[in-house]
Amino acid sequence: MTTVQQAFLGSFEKELIAEIEEVSVVKQFKAGEIIMDIGQYIKAMPLVLDGVIKIIREDKKEGELLLYFLEKGDTCALSIACCVGSKKSEIRAIADVHTTVAMIPNQYLDSWMGTYKTWRNYVLESYSNRLNELLSTVDNIAFSQMDVRIMNYLKEKASIRNSQKIEITHQVIANDLNTSRVVVSRILKSLENQGKILLQRNNINLL
DNA sequence: TCATTAACACGGG
DNA sequence: CCCGTGTTAATGA
């Protein structure tokens, strides 16, 4: 299992890592498990030690949309604001694969900003990273056709997994991109005909 | 025109 | 048999 040390050795000073290890609670989530749901009050900030988390926005009318992924070493920037203001979560976080996170109780977040420069930088940088990812997601939705969006989705999945093979069903892609499975199936089929991918049951190969 | 919905057949596990 | 997949026909934006 990945420890806080292994995930953050390069980014935090030893004292901070020691303090994180002391106060945080390490939790594991299986693929598909909900880590944080919409409307929930957030009392701890998650640091991703291992695995991948999907951050999803949901409309009232059961519309779902993937915002971005969190990987090893990332944190959910939205949760920081929620923790400090003890507000409800606006998003849903789901474990995409088996995932390990360190939950830091919110009373430490503020004081560490003053005490540890690396922590301060990490939080600020995390904000800017998430914002950039959000922007490219918005660009994708606003300016790209569904076939491009699906291609980008597949590429992102592949790079996160470090594999050209993606284990996923058409329905899940449809949910993440907020469209119907018929469209996903049709576009995947045409991508296959173009020689860009190879389709198997529960499996997509990028070429 | 293109997405969605519903419905159906096919096939693998 | 159940689920994922591929396709079609009808409907809507």
Side-chain angles (χ1 to χ4, degrees), chain A residues 1-2 27-40 46 48-72 74 76-79 88-101 129-207:
Chain A
M1 196 182 75
T2 312
K27 284 190 178 176
Q28 307 232 12
F29 296 91
K30 292 173 195 159
E33 257 190 286
I34 294 177
I35 296 172
M36 229 170 253
D37 210 348
I38 296 164
Q40 246 177 23
V48 182
L49 301 185
D50 213 356
V52 179
I53 299 177
K54 275 202 292 200
I55 304 299
I56 288 168
R57 178 85 170 125
E58 198 180 69
D59 194 88
K60 292 159 196 161
K61 294 174 278 184
E62 67 186 69
E64 244 186 45
L65 183 68
L66 175 75
L67 295 183
Y68 47 75
F69 292 99
L70 297 180
E71 295 175 77
K72 179 179 180 175
D74 287 338
C76 181
L78 291 173
S79 74
K88 288 180 186 174
S89 172
E90 297 290 335
I91 51 90
R92 169 178 296 157
I94 297 178
D96 195 40
V97 297
H98 187 84
T99 298
T100 311
V101 297
N129 284 342
R130 295 293 91 73
L131 200 58
N132 280 333
E133 289 177 58
L134 210 51
L135 280 181
S136 59
T137 303
V138 170
D139 282 349
N140 220 356
I141 296 168
F143 306 125
S144 299
Q145 299 300 318
M146 189 53 77
D147 56 347
V148 179
R149 291 180 61 195
I150 288 179
M151 233 7 232
N152 288 339
Y153 179 89
L154 293 178
K155 279 178 189 165
E156 191 157 17
K157 277 272 182 196
S159 83
I160 279 175
R161 311 244 162 128
N162 263 335
S163 157
Q164 299 300 94
K165 259 193 179 171
I166 303 163
E167 219 180 301
I168 199 166
T169 70
H170 297 181
Q171 187 63 63
V172 173
I173 301 176
N175 289 341
D176 281 348
L177 299 182
N178 193 28
T179 183
S180 66
R181 186 196 55 87
V182 183
V183 173
V184 175
S185 288
R186 176 165 47 78
I187 290 172
L188 284 176
K189 200 71 201 156
S190 88
L191 286 174
E192 187 182 38
N193 290 336
Q194 290 168 41
K196 292 182 179 172
I197 60 174
L198 206 104
L199 292 178
Q200 286 156 18
R201 190 189 170 85
N202 271 324
N203 230 314
I204 299 173
N205 282 17
L206 274 169
L207 302 178

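Residues that satisfy the salt bridge (charged side-chain N to carboxylate O under 4.0 Å, His left out) test with A:R92, not counting sequence neighbours, are A:D37, A:E58, A:E64. Taking the side chain to side chain donor-acceptor pair (under 3.5 Å) definition, one finds that A:K72 meets it with nothing, sequence neighbours left out. Partners of A:E167 according to the salt bridge (charged side-chain N to carboxylate O under 4.0 Å, His left out) rule, which considers only residues two or more places apart in sequence or in another chain, do not exist here. Residues satisfying the salt bridge (charged side-chain N to carboxylate O under 4.0 Å, His left out) criterion with A:R186, sequence neighbours excluded, are absent altogether. Residues forming a salt bridge (charged side-chain N to carboxylate O under 4.0 Å, His left out) with A:E33 (at least two apart in sequence, or on another chain): none. Qualifying side-chain contact (heavy atoms from CB on, under 4.5 Å) partners for A:L78, counting only residues two or more places apart in sequence or in other chains: A:Y68, A:C76, A:I91.
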Protein-to-nucleotide contact annotation, 5' to 3' order, nucleotides 5-13 of chain B [B base; S sugar-phosphate only; - none; under 4.0 Å, heavy atom]: BB----B--

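B:dA3 atom P lies 7 Å from atom CE of A:M146, rounded to whole Å.
Atom CG of A:L188 is separated from atom CG of A:N193 by 11.0 Å, given to the nearest 0.5 angstrom.
Under the salt bridge (charged side-chain N to carboxylate O under 4.0 Å, His left out) criterion, the residue pairs touching residues 168-183 of chain A are A:K54-A:D176, with sequence neighbours excluded.
Here chain A contacts DNA chain C (any atom closer than 4.0 Å to a heavy atom, that is under 4.0 Å), and the contacts span C:dC3 to C:dT8 from 5' to 3'.
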